[in-house]
Student: 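Take this structure, written in structure tokens, and hold onto it; I'll ask about it next.
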4 protein chains.
Amino acid sequence: MRAKNSSPEQRSLTEQARRAQIVEAAVEVIADEGYAKASFARIATKAGLSSTGLITYHFANRQDLIDSIVDEVMTAFAGHVRERVDAEFAPAARLDAFVSANLDFIRTHRKHLVAVLDITAGSRTTLAKIMKADIDALEDLLVQGQRQGEFRAFHPRSVAIAIRSMRDGILRVLSVEPDFDLTSYEHELRTLVRLATSGEIP
Amino acid sequence: MRAKNSSPEQRSLTEQARRAQIVEAAVEVIADEGYAKASFARIATKAGLSSTGLITYHFANRQDLIDSIVDEVMTAFAGHVRERVDAEFAPAARLDAFVSANLDFIRTHRKHLVAVLDITAGSRTTLAKIMKADIDALEDLLVQGQRQGEFRAFHPRSVAIAIRSMRDGILRVLSVEPDFDLTSYEHELRTLVRLATSGEIP
Amino acid sequence: MRAKNSSPEQRSLTEQARRAQIVEAAVEVIADEGYAKASFARIATKAGLSSTGLITYHFANRQDLIDSIVDEVMTAFAGHVRERVDAEFAPAARLDAFVSANLDFIRTHRKHLVAVLDITAGSRTTLAKIMKADIDALEDLLVQGQRQGEFRAFHPRSVAIAIRSMRDGILRVLSVEPDFDLTSYEHELRTLVRLATSGEIP
Amino acid sequence: MRAKNSSPEQRSLTEQARRAQIVEAAVEVIADEGYAKASFARIATKAGLSSTGLITYHFANRQDLIDSIVDEVMTAFAGHVRERVDAEFAPAARLDAFVSANLDFIRTHRKHLVAVLDITAGSRTTLAKIMKADIDALEDLLVQGQRQGEFRAFHPRSVAIAIRSMRDGILRVLSVEPDFDLTSYEHELRTLVRLATSGEIP
DNA sequence: GATGAATGAGGTTTCATTCAT
DNA sequence: CATGAATGAAACCTCATTCAT
């Protein structure tokens, strides 16, 4: 019997634990070896499962597992960032909080984010969905700053894409160079974002 | 006898043409459907070949084909950019030329660059190689500008990564939204890069 | 402790009820979707059970469940037909009663019989057993009629096969066209059987 | 590269031979062990192939193989029967030719027909298609006989179903008892059909 | 040079069955 | 009695690669 159609609330503790375990193993495999090599067999081995059947038992199919990874990681990520952003009031401060919250989360969840980056690169539909969500949120922040006169005049969507790109870019570096030190990059990124946006709209 | 191990110089005209044809077809398939779905079968079909055997006949193996795509595209890309950069003298102008040359090439070779982006996302070793080359070149440009006092003080490698990321990021957007208009993005990108670097080192 | 190996007499009421429930669900699934798609998972779902484990708990294995379905349906079927046949005395009347009793049961138990038909089509050993029983019974009826001089001379086993085939054939039609109207078919079948057998042995 | 989309005409001799070989092996396996047990692995073994991959190479998928079997067998069957039927003129003679042609073909192609019977039992859509074609053809024959006054009044579709059922029924017997002697059955079947239809419409 | 045929490894998924609780 | 979790075999299918012609 499958757990396929069960909604998150009705999952037993055992099931939640197993799902989490599988998701973690998948994250590890994807982050370490790349999405292309993340077969059920490797994931099962990494998770210490006796067969790939257990994965299909807990997830409807491959896409379901992948979606679960993305959902879980991005929900945590977005939550972390939103909390930090919402602690600030002025747009410039909020934007700076956004950048530093991003970097913090990257530091503590490198593998998870690299895994999601890899997934989105290998799955266009997932990429489209996530990218839109990210960029929309950033754009809102920027437009807000412009309305309040804190930010200069610029094309908000383009700048949103640029900022998001700089965050993603460092993940790509990390996927190849896991020990890359983020200190300098964070400093420069915050500076760049400030320089890019500051200046009142004339 | 196989053509596999022959070095570029030894290739006959026919062979060069076939290789180019296969590379073009592969680019198209990867750009349109993603790296994951770019099987030899699809590439052969797109190229109008009757058998995947021909691909293995002209390329030692899959990796060889992929490397050829990347080599070809990146060589042309780098050549185009270098030419435009070298036409300028002052670091700031060279950097601006770099950005606009990048965008121009993206406009005219969208599919090729999206394909390479997809490939690098799916193959860590390729990614590492390309990224290093790109960032090194950019870093040189930035260091030069700082030495000549045109650029402010910043961590050159970090800013190089940031600039390269903004270029890559727009390719990800294009991979999902092929008709995205680059005009505004190019404008903002040039502005951002100028704002990010300008100011003499004190 | 398992209920698997218990003989029918030893079964508790609860257990009998569960078995019946599972058998009914299996009949439904097989009749609706075909034997090939009648997995334990589908049967459990149809029966409103939470696990396929319950099926294996009550039945030794798949074959046991299938056998139970066939046994139950065919016992009821045979009982119904025998009762109707035994109400008549003359062979011709008994044979006619046999045909009309068959059709009546088909009308009231279409799904059950379609399920059994599907099962026998998918399991040679089951088919052999049932077919032999059916044909033997019919053959007895025919031989009796010949002995009493009511039926013409014919090869009884062949005619038995033919009559049984016409009964099975309509089930195949019903498996594809559940709403097929049996009225005309019953009329023709009774006529055919009468025409096929009537005439004294010279 | 696959031969998937090739139409029958453009198949090479080698390919035609391989396809025929695989079809024959599949027929044998299905006739001997039943449709349910006819996995690619068994078919490949029976055909002496080194891997199941070769089956997928020559047939788009399982359904394609199954369809090919059915097509091939039923085309030959229908051709044989039609030829024999068309050699006669009067409806009664045509119907008798139909029956005896059916039996002849069953004798020479037992395995093929048993295989098709098994396939249709395991695949509702295929069953529906074939049954409709068979019954339609028979019904035409019967209606023709009624129009010309050679046949008595009866419901043509029902009698068509009955006749076809008697033909199918003997195949089921053969699937379990391959050495069953058809002589008596053929005799009785021809008699039954004659008795069932003869007599002018009043 | 080119091709179609063949191969076998490896992918996801389905499934009946077992077992601890 | 019943359940959910786990297992591993087997299914179909895709694929890169090899090879005879």
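Throughout, protein chains are lettered first and strands after them, A, B, ... in sequence-line order, and every chain is numbered starting at 1.
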Student: With sequence neighbours left out, what residues match A:Arg18 under salt bridge (Lys or Arg N to Asp or Glu O under 4.0 Å)?
Tutor: none

Student: Just by distance, do the side chain of D:Gln21 and the backbone of D:Ala47 share a donor-acceptor pair under 3.5 Å?
Tutor: yes

Student: Suppose the criterion is side-chain hydrogen bond (donor to acceptor under 3.5 Å, both in side chains): which pairs have a residue in residues 114-124 of chain D, not counting sequence neighbours?
Tutor: C:Asp118-D:Arg124, C:Arg124-D:Asp118, C:Arg172-D:Thr120, D:Ser123-D:Thr126

Student: With a 4.0 Å cutoff (strictly under), does any side-chain N or O of D:Tyr57 reach OP1 or OP2 of E:dA5?
Tutor: yes

Student: Find the distance between CG (C:Asn61) and CD1 (C:Ile55) and round it off to the nearest 0.5 Å.
Tutor: 12.0 Å

Student: Tell me the interatomic distance from D:His58, atom NE2, to F:dC13, atom C1', rounded to whole angstroms.
Tutor: 15 Å

Student: Rounded to whole angstrom units, what separation is found between the CD1 atom of A:Ile55 and the P atom of E:dT12?
Tutor: 8 Å

Student: What pairs of donor and acceptor atoms, side-chain ones from residues 25-37 of chain C against any protein atom, are under 3.5 angstrom apart with sequence neighbours left out?
Tutor:
| from | atom 1 | to | atom 2 | distance (Å) |
| --- | --- | --- | --- | --- |
| C:Asp32 | OD1 | C:Lys111 | NZ | 3.3 |
| C:Asp32 | OD2 | C:Lys111 | NZ | 3.4 |
| C:Glu33 | OE1 | C:Arg42 | NH1 | 2.5 |
| C:Tyr35 | OH | C:Arg62 | NH1 | 3.4 |

Student: Sequence neighbours excluded, which residues qualify as side chain to side chain contact (heavy atoms under 4.5 Å, CB included) partners of C:Thr45?
Tutor: A:Met1

Student: Separation of B:Asp64 atom CG from F:dA16 atom P, in whole Å?
Tutor: 14 Å

Student: Defining pairs by Watson-Crick or G-U wobble geometry with both distances under 3.5 Å, how would you list the stems of DNA chain F with at least three pairs each?
Tutor: E:2-21 with F:2-21

Student: Look for any protein N or O under 3.5 Å of an N or O in nucleotides 8-11 of chain F and output each such pair with its distance, or none.
Tutor:
| from | atom 1 | to | atom 2 | distance (Å) |
| --- | --- | --- | --- | --- |
| F:dG8 | N7 | A:Ser51 | OG | 2.7 |
| F:dA11 | OP1 | D:Ser39 | OG | 3.4 |

Student: Should A:Arg18 be listed as having a side-chain N or O under 4.0 Å from OP1 or OP2 of F:dA6?
Tutor: yes

Student: Calculate the interatomic distance between B:Asp67 atom CG and F:dA16 atom P; express it in whole Å.
Tutor: 15 Å

Student: Mind checking the CG-OH spacing from C:Leu49 to C:Tyr57? Nearest 0.5 Å is all I need.
Tutor: 13.5 Å

Student: Could you tell me how far apart D:Asn61 (CG) and F:dT14 (P) are, to the nearest whole angstrom?
Tutor: 8 Å

Student: Could you please spell out the steps behind the side chain to side chain donor-acceptor pair (under 3.5 Å) verdict for B:Glu24 and B:His112?
Tutor: CA-CA 8 Å; B:Glu24 278 308 306; B:His112 295 77; 3.2 Å; yes

Student: Rounded to whole angstrom units, what separation is found between the CD1 atom of A:Ile43 and the P atom of E:dG10?
Tutor: 17 Å

Student: Starting at the 5' end of DNA chain E, which residue's closest nucleotide do you reach first, B:Leu49 or C:Ala38?
Tutor: B:Leu49

Student: Starting at atom CG of D:Leu65, determine the distance to atom C1' of F:dC13, rounded to an integer number of angstrom.
Tutor: 14 Å

Student: Rounded at 0.5 Å granularity, tell me how far CG in A:Leu117 sits from CG in A:Leu127.
Tutor: 9.0 Å

Student: Once you round it to whole Å, what is the distance between C1' of F:dA6 and CZ of A:Phe59?
Tutor: 15 Å

Student: From the options F:dT18, F:dA5, E:dA5, select the nucleotide whose nearest atom is closest to the side chain of B:Thr56.
Tutor: F:dT18

